Amino acid sequence: MFRRRPADSGEDLLVRLGWLTARARELAETQRSRVELAVALQRGMLPRDLPRFPGARLAVRYEPANHGLNVGGDWYDAFPLPGGQMGMSIGDVQGHNIEAAAFMGQVRVALRALASVTGDPGELLGRTNDLLLSLGADLFATCTFLRLDPAAGTLEYARAGHIPHIWATADGHSGIDDGEGGPPLGVLSGIDYPTTRRRLTTSGVFVLLTDGVVEGPSLHLDDGLDQVTRLAGITAVAGLDVDALATAVMKMAATVGHEDDAAVLVVGHDGGPARPTAEE
């Protein structure tokens, strides 16, 4: 017959409970340290300050997803280009881990570097796509890149699988960008990304964002974009500050129903008395 194992004494149970508690605390501290490291890595790859441009105003809001190790790869960027022009990008890397955050840094740096050798946004995305593929990474990224000339009142942009940006003007017009885009970066080689060109003939705003702001289980993408369009329209007509618009848009991220990276880049620009029209 099998002998029954003697029951643990109360003292043994207390010792075991104390060990388990200490182990849980150790794991929690390790997890917290890893999250802090991942968030620091992510934030360290984003620009510390936004440049200033005559005839334009910029505002950003950014909230990383840091639930557990659920740290993603959303980014924003703005930097000067030759001739007083502005380069701006916003994007989202597939995945929610440290690798996604590191890949985000590679994409942002590649866009900056290649923007110095090509002025066309579509060509820039094509070259960046080929560069990422040559690195053999298993990740991909969606992205929008804009080139704005505030003095000339011209805007050129290209989109790689990213959600469209929002525009609004002081004369009461607003909408969701309908320019043609291409596939995400890092998926297919030899892709031609179309460039859309607009002439800005009156003052207004652009809102660039990532899907963590406007899409989730509790908010459909179309509804989220419509809400941003209304906010942008009010801001443009009333001449409100771009910082206030960026804050209002970012508040939507709390309503989407999940924890994800969220980035917003708002651009206010000066212009003439009419609505932006597409150039042929």
Side-chain angles (χ1 to χ4, degrees), residues 56-65 72 74-76 78 88-92 94 121 141-146 148 155-184 194 196-269 271 274-278:
R57 299 156 301 284
L58 304 179
V60 298
R61 296 293 183 273
Y62 174 74
E63 290 292 339
D74 286 18
W75 84 87
Y76 63 86
M88 293 165 287
S89 69
I90 195 164
D92 183 359
Q94 167 221 9
T142 66
C143 172
T144 295
F145 186 88
L146 290 82
L148 174 65
L155 176 72
E156 299 179 326
Y157 58 92
R159 189 158 51 95
H162 202 69
I163 61 175
H165 68 266
I166 306 297
W167 61 268
T169 53
D171 57 2
H173 298 283
S174 61
I176 302 169
D177 166 58
D178 59 358
E180 184 181 359
T196 302
R197 296 175 172 85
R198 308 281 186 190
R199 181 162 298 279
L200 311 176
T201 53
T202 189
S203 61
V205 296
F206 297 103
V207 183
L208 291 78
L209 36 76
T210 57
D211 57 5
V213 181
V214 291
E215 183 180 28
S218 301
L219 184 64
H220 190 274
L221 177 60
D222 291 340
D223 295 331
L225 293 175
D226 286 342
Q227 291 183 37
V228 176
T229 302
R230 288 194 291 272
L231 291 171
I234 293 170
T235 299
V237 171
L240 301 177
D241 187 73
V242 292
D243 279 293
L245 175 57
T247 298
V249 172
M250 180 56 80
K251 287 182 179 179
M252 294 177 55
T255 70
V256 300
H258 63 70
E259 295 191 17
D260 194 4
D261 276 19
V264 176
L265 172 60
V266 177
V267 185
H269 62 88
R275 180 182 178 180
T277 56

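Computed from a predicted structure; not experimentally measured.
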Could you check if a side-chain atom of [X] sits within less than 4.5 angstrom of a side-chain atom of [Y], using non-hydrogen atoms only?
{"X": "L219", "Y": "Q227", "value": "yes"}
{"X": "L245", "Y": "V205", "value": "yes"}
{"X": "T142", "Y": "P184", "value": "yes"}
{"X": "I166", "Y": "D177", "value": "no"}
{"X": "R159", "Y": "P164", "value": "yes"}
{"X": "L148", "Y": "L200", "value": "yes"}
{"X": "H173", "Y": "W167", "value": "yes"}
{"X": "R61", "Y": "V249", "value": "no"}

Is there a donor-acceptor pair closer than 3.5 Å between any side-chain N or O of H162 and the backbone N or O of L209?
yes
Check [X] against [Y] and note the closest heavy-atom contact, atom names and distance.
{"X": "A59", "Y": "A246", "result": "CB-CB, 4.0 Å"}
{"X": "V213", "Y": "V256", "result": "O-CG1, 3.4 Å"}
{"X": "A168", "Y": "S174", "result": "CB-CB, 3.7 Å"}
{"X": "G175", "Y": "T229", "result": "N-CG2, 3.8 Å"}

Salt bridge check: are D178 and R198 linked by an N-O gap of less than 4.0 Å?
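Looking at D178 and R198, the cut-off is met.
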Using a strict threshold of under 4.0 Å (side-chain N to carboxylate O), is an ion pair present between R57 and D243?
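Salt bridge: no.
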With rounding to the nearest 0.5 angstrom, report the [atom1] to [atom2] distance, [X] to [Y].
{"X": "D223", "Y": "L225", "atom1": "CG", "atom2": "CG", "result": "9.0 Å"}
{"X": "C143", "Y": "L208", "atom1": "SG", "atom2": "CG", "result": "9.5 Å"}
{"X": "I163", "Y": "I176", "atom1": "CD1", "atom2": "CD1", "result": "10.0 Å"}

Give the C-alpha distance, both sets of side-chain angles, the deciding distance and a yes or no for side-chain contact (heavy atoms from CB on, under 4.5 Å) between T196 and E156.
CA-CA 6 Å; T196 302; E156 299 179 326; over 6 Å; no
Candidate pair Y157 and F145, rule side-chain contact (heavy atoms from CB on, under 4.5 Å), full reasoning:
CA-CA 6 Å; Y157 58 92; F145 186 88; over 6 Å; no
Between L58 and V242, is the side-chain contact (heavy atoms from CB on, under 4.5 Å) condition met? List the steps.
CA-CA 7 Å; L58 304 179; V242 292; over 6 Å; no
Any chance the side chains of W75 and S89 put a donor and an acceptor closer than 3.5 Å?
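Distance-only check passes for W75 and S89.
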Using a distance-only test with no angle check, is there a side-chain donor-acceptor pair under 3.5 angstrom linking T210 and D74?
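Judged by distance alone, the side chains do pair up.
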Apply side-chain contact (heavy atoms from CB on, under 4.5 Å) to residues V264 and V207 and explain how you reach the verdict.
CA-CA 7 Å; V264 176; V207 183; 4.2 Å; yes
